[in-house]
Each structure stands twice: as C-alpha cells, then as structure tokens.
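Only a predicted model underlies this, so the values are computations on that prediction, with no experimental measurement involved.
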Amino acid sequence: MKATHHYIILYIVALFSFLGAAPAVQAQTRKVMNRPYIDQRRFHYGFLAGMQLQDIELQQNGYTDDNGNQWWAETPNYEPGFSVGILGEFYLTKHLALRVIPSMHFGTKNVTFRNELDGERQHQTIKSTYISVPINVKFAAERFNNYRPYIVAGVDPMLDLTVKKQKQYLLRNTDCYLEVGMGCDFYLPFFKFIPEIKFLYGLTNIINKDRSDIIDETQMIFTQSVNKAKSKMIVLTLYFE
C-alpha cells in the first residue's frame, strides 16, 4: 500500500483517539442529550453510503517459461469505489451490540505486469460488484454528551457478481474477509450519524488456477507465476439511523 494511504490511516486513527479521550478533557461541559434512549432499543436499523479502496496481495514465485519470460505483478494505484447498504443492530448489553450489514461494493483493482526479460508491460483492470453480508460485534465506550466512540470486528462473506474471463488473472467469485474498524456515534436531534472506517483482509486464495478457457498457452505464465492472491479493502462508511 502506498505511503500516502499510511498517512491517511494514521490521521484517522489519531482523530478517533482524540474522540475517545475527549470525554475526560471535557468532563465539566455536559450538554442536553439528543435521542437518549435510541441505543437501548432491542433492534434498530439504518442505511449506509460510503467509499472503498480495493487491493490485491500477490505471492509470486518467479516462474520463468522456456523463452526466459518472467512476469512480476504489482498494484500501481488505487481507484475509489462506492458502497451502499442497510444496517441492522441488535442490543446485547450496554456496551455490546451485534450488527448485520447487507451491502454492495462497486470497485476496481488495477494490476500491472512487467516482463523481467525485456521490460514489456501489460495492464489488467479488474472490476468487481460485491454482495456482502458482514456480521460484526460492536463494543462502544460510555456515551458522552452526543457522541460515543466504538470499535468493531467480525467476518464478511462476499460474492462477486461481475467475474469475467481475463487473459491474465481470473479471480474466484467468492471470498470471506476478516474485518476490524472503529467509528463514532454522533447523536443529532432527529437521527444518529455514524462515520466509520474498516480494514478488510481476505482469508482465501482468490486466484483461479483452472484456466481451461485459455487457448494461447503463452498466457498461462501469468497464472503460473503466482502461488496465491488475497484481497484487501479499506472501507469508509457513513451510517444514518
């Protein structure tokens, strides 16, 4: 992942760290609480909109064909995609909740291939439309005035609806992600607004090694040069309850 994204992540972590520490600093400035009982309902729901960046982590093996061609692949840049969905949250305890978040993610992965023999480059754009049903456990801090920071973790099975035959990599259409994140509930007079960032790590190998669709055998070097590939995502979401 590019250094720029590391700085973005550090900035967001620092922001949420500040939100978590703010109650201690502002202990003498209590305000009227908006929607004070919303979190105590057994079930509440909302909708979401957001953006995400998709990445693919390749484990390459340095395979070389009979002509000396050896291809290395990398992700040169990231294109933001967008996400939509609905949120269902079940009250467990004062600090714990179970969340189910049916969502759709529309995005793109870019892969550039470089031939070590002659420097030739090829590019593949992989578009994805994911249906996901993440199940998360949410642990929230004490509410202070009209905000409440939290952390979240869970699993996220996904189905890609737009897998297409490609001359380089062919990806499987199913994956399961481990996800962790953080956010903050902001209690407004008429609704609750929740910004959240999550980091998703694919648990399965998504490279499809069965390339019976390839007629030109020279194209098999792309698949043969990787042992496995795992998908990763960063998702920035805005919830409205």
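- Y147 and L238 fall within a single hydrophobic cluster, where Ile, Leu, Val, Met, Phe, Trp and Tyr side chains are chained together by heavy-atom contacts under 4.5 Å.
- The CG atom of L53 sits 9.5 Å away from atom CG of L236, with the distance rounded to the nearest 0.5 Å.
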The test is side chain to side chain contact (heavy atoms under 4.5 Å, CB included); show your working for Q60 and E74 and say whether it passes. CA-CA 10 Å; Q60 302 173 92; E74 62 180 358; over 6 Å; no

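- D65 is not listed as a side-chain neighbour of Q224, based on a closest heavy-atom distance of 4.5 Å or more.
- Across A229 and N205, no two heavy atoms sit closer than the pair N-OD1, 2.9 Å.
- No single ILVMFWY cluster, assembled from side-chain heavy atoms under 4.5 Å apart, contains both M33 and I194.
- Salt bridge status for R172 with D210: absent, with no side-chain N to carboxylate O gap under 4.0 Å.
- Residues Q124 and I126 approach most closely at NE2-CG1, 3.5 Å, considering heavy atoms.
- Aromatic ring centres of F193 and F240: separated by under 6.0 Å.
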With side chain to side chain contact (heavy atoms under 4.5 Å, CB included) as the criterion, how do L171 and I207 come out once you've worked through the C-alpha distance, each side chain's angles and the decisive distance to 0.1 Å? CA-CA 5 Å; L171 303 185; I207 284 287; 3.9 Å; yes

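- Residues A73 and L58 come closest through the heavy atom pair CB-CD1, 3.4 Å.
- Within the 4.5 Å cutoff, no side-chain heavy atoms of F186 are placed close to those of K192.
- Taking the ring axis of F222 as reference, the NZ or CZ atom of R211 does not stay both within 45° of it and closer than 6.0 Å to the ring centre.
- With a 6.0 Å radius and a threshold of 12 heavy atoms from other residues, nucleotides or ligands, D66 has its CG atom at or below the threshold.
- Looking only at side-chain heavy atoms (C-beta outward), I101 and Y239 come within less than 4.5 Å of each other.
- Closest non-hydrogen pair, P149 versus C184, comes out as N-SG, 3.8 Å.
- Grouping the Ile, Leu, Val, Met, Phe, Trp and Tyr side chains by contacts below 4.5 angstrom, directly or via other members, places F82 with M104.
- Here the NZ-OG1 distance, from K109 to T75, works out to 9.5 Å after rounding to the nearest 0.5 Å.
- For the pair R143 and Y187, the cation-pi criterion (under 6.0 Å, within 45° of the ring axis) is fulfilled.
- With contacts defined as side-chain heavy-atom distances shorter than 4.5 Å, the pair I56/I206 qualifies.
- In this structure, S225 contributes its side chain and T223 its backbone to no donor-acceptor pair below 3.5 Å.
- Y91 pairs by the ring-ring contact (aromatic ring centres under 6.0 Å, His included) definition with nothing, not counting sequence neighbours.
- The number of heavy atoms from other shown groups lying within 6.0 Å of CD (E57) does not exceed 12.
- The closest donor-acceptor contact from the side chain of N136 to the backbone of K138 lies at 3.5 Å or more, if one exists at all.
- Atom CD of E196 sits about 3.5 Å away from atom OH of Y150, to the nearest 0.5 Å.
- Ion pairing between E179 and K232 fails under the 4.0 Å rule for side-chain N and carboxylate O.
- Separation of the Y169 and F113 ring centroids falls under the 6.0 Å cut-off.
- At least one side-chain heavy atom of Y63 sits less than 4.5 Å from a side-chain heavy atom of I221.
- In this structure a side-chain-to-backbone donor-acceptor pair under 3.5 Å is present from Q70 to G62.
- Taking CG of L87 as the start and OH of Y45 as the end, the distance is 11.5 Å to the nearest 0.5 Å.
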Check against salt bridge (Lys or Arg N to Asp or Glu O under 4.0 Å), K94 and E142: CA-CA 9 Å; K94 181 179 179 181; E142 286 288 341; 3.2 Å; yes

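- Taking each heavy atom of Y177 and G202 in turn, the nearest pair found is CD2-N, 3.5 Å.
- In this structure the side chain of V137 never reaches within 4.5 angstrom of the side chain of V152, judged on heavy atoms.
- Expressed to the nearest 0.5 Å, how far CD1 of I234 lies from CD of Q54 amounts to 11.5 Å.
- Connectivity analysis of hydrophobic side chains (ILVMFWY, heavy atoms under 4.5 Å, direct or indirect) links V32 to nothing; its cluster partners are none.
- The main-chain N or O of N34 is found under 3.5 Å from a side-chain atom of N146 such that the two form a donor-acceptor pair.
- Nearest approach of H105 to S132, heavy atoms of both residues: NE2-OG, 3.4 Å.
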Could you give me the CA-CA distance, side-chain angles and deciding distance for Q122 and W71, then say whether side chain to side chain contact (heavy atoms under 4.5 Å, CB included) is met? CA-CA 10 Å; Q122 294 191 29; W71 292 89; 3.8 Å; yes

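- Around the NZ atom of K209, the shell of radius 6.0 Å holds more than 12 heavy atoms that belong to other residues, nucleotides or ligands.
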CA sep, side-chain torsions, deciding dist, call: D156, K198, salt bridge (Lys or Arg N to Asp or Glu O under 4.0 Å): CA-CA 11 Å; D156 187 353; K198 283 198 294 191; 5.7 Å; no

Could you walk me through whether Q219 and Q168 pass the side-chain hydrogen bond (donor to acceptor under 3.5 Å, both in side chains) test, one step at a time? CA-CA 7 Å; Q219 295 296 318; Q168 292 107 352; 5.2 Å; no

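- The closest side-chain heavy-atom distance from F90 to V100 is below 4.5 Å.
- Two residues are said to be in side-chain contact when any heavy atoms from C-beta on lie closer than 4.5 Å; I86 and L48 fail this criterion.
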Can you check side chain to side chain contact (heavy atoms under 4.5 Å, CB included) on F199 and I197, steps first, answer last? CA-CA 7 Å; F199 304 91; I197 185 169; 3.9 Å; yes

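- With sequence neighbours left out, T125 forms a side-chain contact (heavy atoms from CB on, under 4.5 Å) with T108, N110, H123, K127.
- Atoms CG and CE, on D175 and M158 in that order, are 8.0 Å from each other to the nearest 0.5 Å.
- Although no hydrogens or angles enter the test, the distance criterion places no donor-acceptor pair under 3.5 Å between the side chain of N67 and the main chain of N69.
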